[in-house]
Amino acid sequence: MASTYPFEASFEELSAHADAFVDEVFASLESGFLVMPRGQGFVAFPDFENGYETLKQVTENFSKLEEPIIFATALRVPLVLVVLRTMLGFTPSEWAYVAGQSSGLEITQGFARSLDRKIRLNPMTPLRPSPVIEPRIRALVEIACKMLSDGAPTTPPELLHRLDKADTRGGLSSAKAAAAMGVPYAMLLYERFLGRPFAGHRDSISELVGDVLELAIETELTNAGISFRKTRRAERVPGFDQAPDFIVPSEFNPQIVIEAKITEDDGTARDKVTRIQHLASLSASGGPSLPRGFEVIACIGGRGFKQRREDMKKMLLATKGKVFTVKTLTKLIEFTRLKEFRTTR
DNA sequence: ATTGCATTAATGCCTCGAGT
DNA sequence: ACTCGAGGCATTAATGCAAT
């Protein structure tokens, strides 16, 4: 085979040796799941512990859970709310639902989510709720106190109550015991097993993971002095049903589009392949506000793409070989039409 | 403040083919 | 003919942020 990398190959070479090029791309893909960004809203353990200790103090070692006291404390140390939610083992949405049901107030899932997010972003900033917000927070605290005090009701054996866990099963006495004596390592592991490890945090930084790749592309483009338009989340760009991540030189004149995707999951990878194929067909057909024949470039990362040989073939053919990974990103400009837009050496 | 959108991971069900 | 595993596919849940 004459060419090493798919982006150097002619279309004839590409289709003749598709499998070899798939191997080449696979070889340069690596997985990055072992490390993840902390992100803005990451709650470090000392902060979380501070919330916990505060709650433990004002409840006198979890011997009494009273709404007025906890509400006042939560305003002062907002992480108390996060700790309460963790004791319940609920998502913000779920907490909002039970609070709404029991209080009769309208407490939307979005409200609980943004409150939780706000606290995680600024754990040390006291809350100053407006008259509209205050009763909602009170209702959240109220229902948490009640549920944590009552513990899990008995359920038929085939059902499992969400409060049926070590520290909440028997109401306050369970929490009290857990706080005083700790919980066995096996119990910690069991909880971890039920909730996939780092799930909440992973979900919240899911977009930052992709940023690493996007930033690398941005650097390449900027260094070469190439004009580009980077689209934002859920942005609408005329001509595209879903906006590609980069458009060169601008959204009004799409000559080159770049899709950047990292995934560790094969289902997601499949989805991305479909999307890139769709871009390729848009390029072939053109559209009301799209010139025909714009170049489609894929920049990919993560082991998810390794799972699917057939899909990778499709992607290589759809992009005419213009598939880059973190390892080959330095060749991005040289081997694509991007070089036509270069203004610096 | 609320809503809608895109993104991501995880999971169950289905199909297909290899091996017994 | 049957079993088992792998891969494909669709669905679900959770999340942050731009738009409203």
Side-chain angles (χ1 to χ4, degrees), chain A residues 22 26 31-34 36-43 82 85-86 88-97 100 105-122 127-137 139-140 162 192-214 229-238 240-246 251 259-279 298-315:
Chain A
V22 169
F26 279 3
S31 182
F33 74 97
L34 284 178
M36 51 189 173
R38 278 175 189 266
Q40 275 193 300
F42 182 74
V43 178
V82 175
R85 178 167 78 76
T86 311
L88 290 166
F90 291 172
T91 63
S93 303
E94 290 166 342
W95 196 5
Y97 177 78
L105 291 172
E106 172 145 9
I107 304 177
T108 64
Q109 309 198 348
F111 165 75
R113 278 173 51 193
S114 29
L115 178 66
D116 204 79
R117 173 86 177 139
K118 191 162 102 184
I119 295 170
R120 279 180 284 132
L121 286 172
N122 295 297
L127 295 175
R128 302 199 311 109
S130 71
V132 191
I133 305 295
E134 181 182 320
R136 295 184 193 164
I137 300 184
L140 288 171
R162 288 282 291 273
R192 194 183 290 171
F193 162 69
L194 292 181
R196 53 200 223 275
F198 288 91
H201 181 61
R202 283 224 316 270
D203 289 348
S204 78
I205 48 95
S206 63
E207 192 163 67
L208 289 179
V209 174
D211 280 355
V212 178
L213 182 59
E214 292 191 17
R229 168 69 147 78
K230 186 171 186 248
T231 60
R232 280 170 300 198
R233 179 196 279 258
E235 192 170 355
R236 300 242 59 103
V237 175
F240 298 96
D241 32 17
Q242 266 182 29
D245 297 317
F246 294 88
E251 78 235 61
E259 269 289 307
K261 272 302 155 265
I262 292 181
T263 177
E264 307 291 331
D265 173 80
D266 65 329
T268 313
R270 178 183 145 269
D271 206 50
K272 295 315 142 200
V273 174
T274 313
R275 186 145 146 201
I276 283 162
Q277 283 184 299
H278 180 61
L279 280 172
C299 295
I300 58 173
R303 69 176 190 282
F305 285 104
K306 268 196 194 180
Q307 318 277 326
R308 304 173 158 268
R309 170 162 287 273
E310 281 314 304
D311 284 340
M312 184 55 67
K313 245 186 236 177
K314 289 179 192 165
M315 188 188 299

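Each chain gets a letter, A, B and so on, in the order its sequence line appears, and its residues count up from 1. Just so we're clear, the structure is a prediction, and the values are computed from it rather than from any experiment.
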*Spacing between A:I300 atom CD1 and B:dT7 atom P, to the nearest angstrom*: 16 Å
_Between P of C:dA14 and CZ of A:R85, the distance in whole Å_ = 10 Å
*Separation of atom NZ in A:K118 from atom P in C:dT15, rounded to whole Å*: 18 Å
*Kindly write out the residues that satisfy side-chain contact (heavy atoms from CB on, under 4.5 Å) with A:Y97, not counting sequence neighbours, or none if the list is empty.*
A:Q101
_So if I take every side-chain heavy atom of A:F111 and compare against C:dA14, C:dT15, B:dT2, which nucleotide ends up nearest?_
B:dT2
*Quick one: A:L127 CG to B:dA1 P, roughly how many Å, whole number?*
12 Å
*asked:* I need the CD1-P distance between A:I119 and C:dG16, as an integer number of Å.
replied: 13 Å
*Specify the separation, in whole Å, of atom CD1 of A:I107 and atom P of B:dA1.*
15 Å
*For the side chain of A:R117, starting at C-beta, report the closest nucleotide among B:dT2, C:dG16, C:dA14.*
C:dG16
*Can you tell me how far C1' of C:dG16 sits from CG of A:L115, to the nearest Å?*
15 Å
*asked:* Test your reading of the model: is there a side-chain donor-acceptor pair from A:T91 to the backbone of A:E94, 3.5 Å cut-off?
replied: yes
*Within the structure, does a side-chain N or O atom of A:R113 lie under 4.0 Å from either OP1 or OP2 of B:dG4?*
no
*On DNA chain B, nearest-nucleotide positions of A:R136 versus A:E259: which is more 5'?*
A:R136
*side-chain contact (heavy atoms from CB on, under 4.5 Å) with A:R85: which residues, sequence neighbours excluded?*
A:P92, A:W95, A:D116
*asked:* Heavy atoms from C-beta onward define the side chain here; which of C:dT15, C:dG16, B:dT2 lies closest to that of A:T91?
replied: C:dT15
*Roughly, in whole Å, what's the span from CD in A:E94 to C1' in C:dA14?*
10 Å
_If we check side chain to side chain contact (heavy atoms under 4.5 Å, CB included) with A:V132, which of these qualifies: A:P129, A:S130, A:P135?_
A:S130
